[in-house]
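As the structure is a computational prediction, the values presented were derived from the model and not from experiment. Each chain gets a letter, A, B and so on, in the order the sequences are listed, and its residues count up from 1.
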There are 2 protein chains.
Amino acid sequence: MARKTGSHSEITGPKVRDAALRLFARHGYAAVSMRQIAREVGVQAGALYLYTKDKQSLLFDLMRTHMDELLAAWAATPKGSTPLAQLEDFSRFHIHFHLDRPDAVFIAYMELRNLSDANFATLEALRREYERELERILEAGHAAGMINVPDTRLATMAVIAMLTGVNTWYREGGRLSQDAVADIYWDMVRGAVGA
Amino acid sequence: MARKTGSHSEITGPKVRDAALRLFARHGYAAVSMRQIAREVGVQAGALYLYTKDKQSLLFDLMRTHMDELLAAWAATPKGSTPLAQLEDFSRFHIHFHLDRPDAVFIAYMELRNLSDANFATLEALRREYERELERILEAGHAAGMINVPDTRLATMAVIAMLTGVNTWYREGGRLSQDAVADIYWDMVRGAVGA
DNA sequence: AGATTAACTGAACGATTGTTCAAATAAAAC
DNA sequence: GTTTTATTTGAACAATCGTTCAGTTAATCT
C-alpha cells in the first residue's frame, strides 16, 4: 500500500494539525510522539513530514496561528467609544474567544518552554501585543478618571489572568452559559479596576 | 568507583528533589530524563532509584509536598476576625507563599496531566481543599453583607487566578517589592468582590 | 582491625524516540 | 490509455528512554 484512496493534502494537512493540537493539549508536547499523531490521523509517521518540517515547527505553527487569530479577532471586534465600554468589550471578547478554543489556549500557555529561542521570542512579542491592547484601554480609562488603579501594568496582568482562568474550570453544558459567565466576570473586572 | 567520599542519603536525597524540581519546572516533566537529573546531582542515573521508586513518584512527591506545605502554611497563618480581614490575609498569604517557590508552583499547575489517575485524584483533592478555604471566606463575607458577588464559586476561581497570575510576571529585584505587589493586588481583589 | 552496612557505579535491558528515504500506488494531466 | 505528479508506506537509522542489578567502595559499628 502507498497512496490512500481519496487522499488529499487539503484533507490530511488539517487533520495533522487537529490531531497534534488535541494530543499536545491533552498530554503535553514532549509526551506526544510523532507516531501517536500519525495513528490519530490514520497514516504512518513518515507521512507527517510532508506537512511539517519537524515536530518543533508543528508546535510553533499551532501557537503562532492561535496568536494571529487572537489578534485578528480582537481587531475585528466592534468596540465602544468610552474606555469603560472598551474594557467590557475586551473582557467579553477574551472569555468567549478563549472558551471556544480550550486546546489552543492550553498549548499557548503551557508549551512556551518547549519552543526554540527564536520561536519563543516571536510568540512572546505577539503575547505582549495583545496585553498592550488591554493596557492601552486601562491607561485611557485612568486618564479619563473612569477607572482607578494604582498601576496600569499590574492591572493589565491581573485582569488577563482572571479572565484566562475561566478556561481552567468552565465546562460546556455546565450550570452557566458563556454569556452568564461573561456577565459575572465583567462585574468583577469592573470592580477590580475601581470603576 | 562506587560510594563517594562524604556521601550521605540526607545530603543526596534533598539534592535529587531540588534538581528534579528545578529541571521539571524549567523543561517540563516529560522533557527531563533521569540521566539529566543524575548529572545535576553529580551521580549516575541508577543511584536515583535509592531515593525514588520511579520517575512518576518523584514528580508526585514534589507536588504533594508542595500542596501539604501550602495548606499547613495557611493553617498556621494568623487571621483577622472579619471576613474582609480574612480575605486580605488570604490574598497577601497567597502572593507571598507562591512568589517564594515559583518552581514548585509552576510544576503544581503544569504537570497535573503527567500524573497517574490515582495521583491526580489525590492532588486535585488537596487543591480543592485550598480553594474551599477562600470560598468559605467569601461565603461568610457575603452572608455578612460585607462583599457583593453574584456567585461565590466564580469569585473564588477569579481571585485565585488573579493572585496566582503574579507568578507569571514577577521577578525578584524588579521595580516592585512583594509587599508593594500584595498591596496593589489586595486593592484589586477587594474591588472585584465588591467590598 | 575486621565485619557490616549504606551509597554508588557502570553496564546492560528492551522499548521508543524523531527523522530519512527508496519504493509503491492513486490521482491528475495529457 | 499513458505519463506525470502527489501522496503514502514500511523499513531503517542512531540516539535516548526508564529501570534493574551485580559488583565496588566509603562510612559505620563491634
Are any non-hydrogen side-chain atoms of [X] and [Y] less than 4.5 angstrom apart?
| X | Y | result |
| --- | --- | --- |
| Arg113(B) | Met110(A) | yes |
| Arg64(A) | Leu126(A) | yes |
| Ser91(A) | Leu163(A) | yes |

If every non-hydrogen atom of Gly165(B) is compared with every non-hydrogen atom of Thr168(B), which pair is closest and at what distance?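 Smallest interatomic distance, heavy atoms only, reads O-OG1, 2.7 Å.
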Answer yes or no: is there a donor N or O on one side and an acceptor on the other, between the side chain of Gln86(B) and the main chain of Ile137(B), under 3.5 Å?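 Not a single qualifying donor-acceptor pair exists.
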Just list the side-chain donor-acceptor pairs under 3.5 Å for residues 182-195 of chain A, sequence neighbours left out, or say none.
| from | atom 1 | to | atom 2 | distance (Å) |
| --- | --- | --- | --- | --- |
| Asp183(A) | OD1 | Arg92(A) | NH1 | 2.7 |
| Asp183(A) | OD1 | Arg92(A) | NH2 | 3.1 |
| Tyr185(A) | OH | Trp169(A) | NE1 | 3.4 |
| Trp186(A) | NE1 | Glu88(A) | OE1 | 3.4 |
| Asp187(A) | OD1 | Arg190(A) | NH2 | 2.5 |

Could you tell me the separation between the [atom1] atom of [X] and the [atom2] atom of [N], rounded to a whole number of Å?
| X | N | atom1 | atom2 | value |
| --- | --- | --- | --- | --- |
| Met34(B) | dT16(C) | CE | C1' | 17 Å |
| Leu58(A) | dT19(C) | CG | C1' | 14 Å |
| Glu10(B) | dA6(C) | CD | C1' | 10 Å |
| Gln56(A) | dT17(C) | CD | P | 18 Å |
| Gln44(B) | dT19(D) | CD | P | 16 Å |
| Ile37(B) | dC17(D) | CD1 | P | 11 Å |
| Arg39(B) | dC17(D) | CZ | P | 8 Å |

Does Val41(A) reach a base, just sugar-phosphate, or nothing at all? Heavy atoms under 4.0 Å.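 Counting heavy atoms under 4.0 Å across all strands, no contact is made by Val41(A).
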Using heavy-atom distances to pick each residue's nearest nucleotide on DNA chain C, tell me which of Ser9(B) and Val32(A) is more 5'.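 It is Ser9(B), whose closest nucleotide lies nearer the 5' terminus.
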Intermediate values then yes/no, side chain to side chain contact (heavy atoms under 4.5 Å, CB included), Met67(B) and Leu123(B): CA-CA 8 Å; Met67(B) 288 308 295; Leu123(B) 243 100; 4.1 Å; yes
Has [X] got a side-chain N or O lying under 4.0 Å from the OP1 or OP2 atom of [N]?
| X | N | value |
| --- | --- | --- |
| Lys4(A) | dT9(D) | yes |
| Ser33(B) | dT16(D) | no |
| Thr12(B) | dC8(C) | yes |

With a 4.0 Å heavy-atom cut-off, tell me which residues in residues 45-55 of chain A come close to DNA chain D, sorted by residue number.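 Those residues are Gly46(A), Ala47(A), Leu50(A), Tyr51(A).
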For a quick test of your reading: what N or O donor-acceptor pairs under 3.5 Å do the side chains of residues 27-34 of chain A make, sequence neighbours left out?
| from | atom 1 | to | atom 2 | distance (Å) |
| --- | --- | --- | --- | --- |
| Tyr29(A) | OH | Gln56(A) | N | 3.2 |
| Ser33(A) | OG | Arg35(A) | N | 3.4 |
| Ser33(A) | OG | Gln36(A) | N | 3.1 |

Step through it carefully: locate the ring centre of Phe90(A), locate the ring centre of Trp74(A), and say whether they are under 6.0 Å apart.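 Ring centres of Trp74(A) and Phe90(A) closer than 6.0 Å.
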Quick one: are the ring centres of Tyr130(A) and His94(A) less than 6.0 Å apart?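 Yes: the rings meet the under 6.0 Å criterion.
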Can you pull every protein N or O that's under 3.5 Å from an N or O on nucleotides 12-14 of chain C?
| from | atom 1 | to | atom 2 | distance (Å) |
| --- | --- | --- | --- | --- |
| dA12(C) | N6 | Arg35(B) | NH2 | 3.3 |

Mind listing the side-chain donor-acceptor pairs of residues 11-25 of chain B below 3.5 Å, one per line with the distance, residues two or more places apart or on another chain?
| from | atom 1 | to | atom 2 | distance (Å) |
| --- | --- | --- | --- | --- |
| Thr12(B) | OG1 | His8(B) | O | 3.2 |
| Arg22(B) | NH2 | Glu40(B) | OE2 | 2.9 |

Judged by modelled atom types alone, do Thr65(A) and Asp68(A) share a side-chain donor-acceptor pair under 3.5 Å?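 No.
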Listed pairs, N/O of protein and of nucleotides 28-30 of chain C, under 3.5 Å:
| from | atom 1 | to | atom 2 | distance (Å) |
| --- | --- | --- | --- | --- |
| dA28(C) | OP1 | His8(A) | NE2 | 3.1 |

